[in-house]
Amino acid sequence: MKLSGNILSMGGINMDFVMYAERVPVPGETVKTDNFNTFSGGKGGNQAVAAALLGGNVKFFGMLGNDLTSSKLIEDMNEKGIDTTSILIRENNTAGVAMIWVDKNGQNSIMFNPGANCLLMPEHVRAHSSLFKAGDILMTSMEPPEETTFEAIRIAKKNGMLVVVDPAPAPEVKFPDDIPYCIDIFKPNETEAAKITGVEVDDKTGTEKALFKLHDMGFALPIITLGNKGVAALIGKRVSYFPAYTVSSVDTTAAGDIFTGALTAHYGKGKSIEESIQFACAAAALSTTKKGAQTSVPVLSEVEGFLKLHQ
Ligand code: RIB
């Protein structure tokens with residue numbers, strides 16, 4: 001397929017409220033921290049910003065409220081060069097919010113309330129099917145209702161788009177049988193891959209078993225991100241491994257989203273899947289050295305410089 005370089009990004013946009021502390025509280029415990037920040041986030045928003053800063057021409061499709069937080073989230077995406085004119089605004093509703101705890105190793109735990117993101121329905125996708133253009137890429141995660149994302153995937157494939165799906169958070173429902181065949185690149189992390197396949201992804205054997213199971217389910221090109229253990233992908237009939245870069249991580253929030261945005265932007269420019277995964281590994285690693293979600297996306301020159309240094 002000849003790609004245009006245009007990316008239609010769909011998913012959730014949230015405001016993140018982040019506490020940094022030595023460790024996260026256990027049930028019943030209160031932990032004090034003097035380190036609190038708010039950042040623009042949401043898996044969809046983070047992917048879109050990563051794709052836009054790393055070479056993609058990005059338009060966003062999703063739903064927000066008419067509150068001040070929604071306006072701020074849109075403003076931040078506009079600043080990064082994302083076309084936000086197709087974001088639908090739902091009156092008397094609010095943006096999604098996420099409460100995030102980050103421990104001293106940069107590991108995060110997240111709870112989120114999707115707000116207006118979860119009011120995006122399949123009929124909204126159908127009403128805006130003209131956004132789904134042949135040769136463009138649909139890049140989506142799963143924060144809006146599952147049936148809405150499934151409808152977008154179907155329309156994208158029917159209209160001749162390349163479809164990249166990051167199944168985060170892992171869907172609570174089974175993928176309808178036709179959906180895997182509509183997806184060109186499928187990028188779960190190890191937890192999502194385990195939930196979707198029923199295979200434990202805790203060692204090399206489990207990872208490979210999950211990759212082949214995903215392939216049997218109909219996902220043409222499954223890529224599993226394994227945190228600091230790197231990435232495993234089933235490319236053609238072979239499993240390829242991409243080691244993670246070692247960096248000093250302060251906050252791993254959104255690293256997976258940034259991986260997906262970077263991968264999509266690079267692949268959309270005509271790079272090979274191997275080059276695109278390598279590029280995405282570098283972007284994701286760099287993002288963990290900075291705090292926050294959208295604020296932690298590196299720019300193209302940083303990723304290119306980093307890759308040169310680590311050849
Ligand atoms: O993946 C990180 C994101 O998950 C955060 O930005 C938060 O908003 C939640 O959606």
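Counting starts at 1 for both ligands and their atoms, in listed order. Because only heavy atoms are used, hydrogens play no part in the values below, and waters and symmetry mates are left out as well, while side chains stay in. Heads up: numbering here begins at 1 and tracks the sequence. On a predicted model such as this, the values are computed, not experimentally measured, just so you know.
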For ligand 1, output the ligand-protein N/O contacts shorter than 3.5 angstrom; if there are none, return none.
from     : atom 1 : to     : atom 2 : distance (Å)
ligand 1 : 1 (O)  : Lys43  : NZ     : 2.8
ligand 1 : 1 (O)  : Asp257 : OD2    : 2.7
ligand 1 : 4 (O)  : Lys43  : NZ     : 3.1
ligand 1 : 6 (O)  : Asp16  : OD1    : 3.4
ligand 1 : 6 (O)  : Asp16  : OD2    : 2.6
ligand 1 : 6 (O)  : Gly42  : N      : 3.0
ligand 1 : 6 (O)  : Asn46  : ND2    : 3.1
ligand 1 : 8 (O)  : Asn14  : ND2    : 3.1
ligand 1 : 8 (O)  : Asp16  : OD1    : 2.6
ligand 1 : 8 (O)  : Gly42  : N      : 3.0
ligand 1 : 10 (O) : Asn14  : ND2    : 3.0
ligand 1 : 10 (O) : Glu143 : OE2    : 2.4

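For Thr33 (side chain) and Tyr20 (main-chain N/O), a donor-acceptor pair under 3.5 Å exists by modelled atom type. Side chain of Ser4 to main chain of Gly135: a donor-acceptor pair is present (N/O by atom type, distance under 3.5 Å, no hydrogens or angles).
With respect to the salt-bridge test (charged N to carboxylate O, under 4.0 angstrom), the residues Lys80 and Asp76 do not qualify.
In this view, Asp177 and Lys174 satisfy the salt bridge (charged side-chain N to carboxylate O under 4.0 Å, His left out) rule, not counting sequence neighbours. Among residues two or more places apart in sequence or in another chain, the side-chain contact (heavy atoms from CB on, under 4.5 Å) test is passed with Lys158 by none.
Within the structure, salt bridge (Lys or Arg N to Asp or Glu O under 4.0 Å) contacts touching residues 259-282 (residues at least two apart or in different chains) do not occur.
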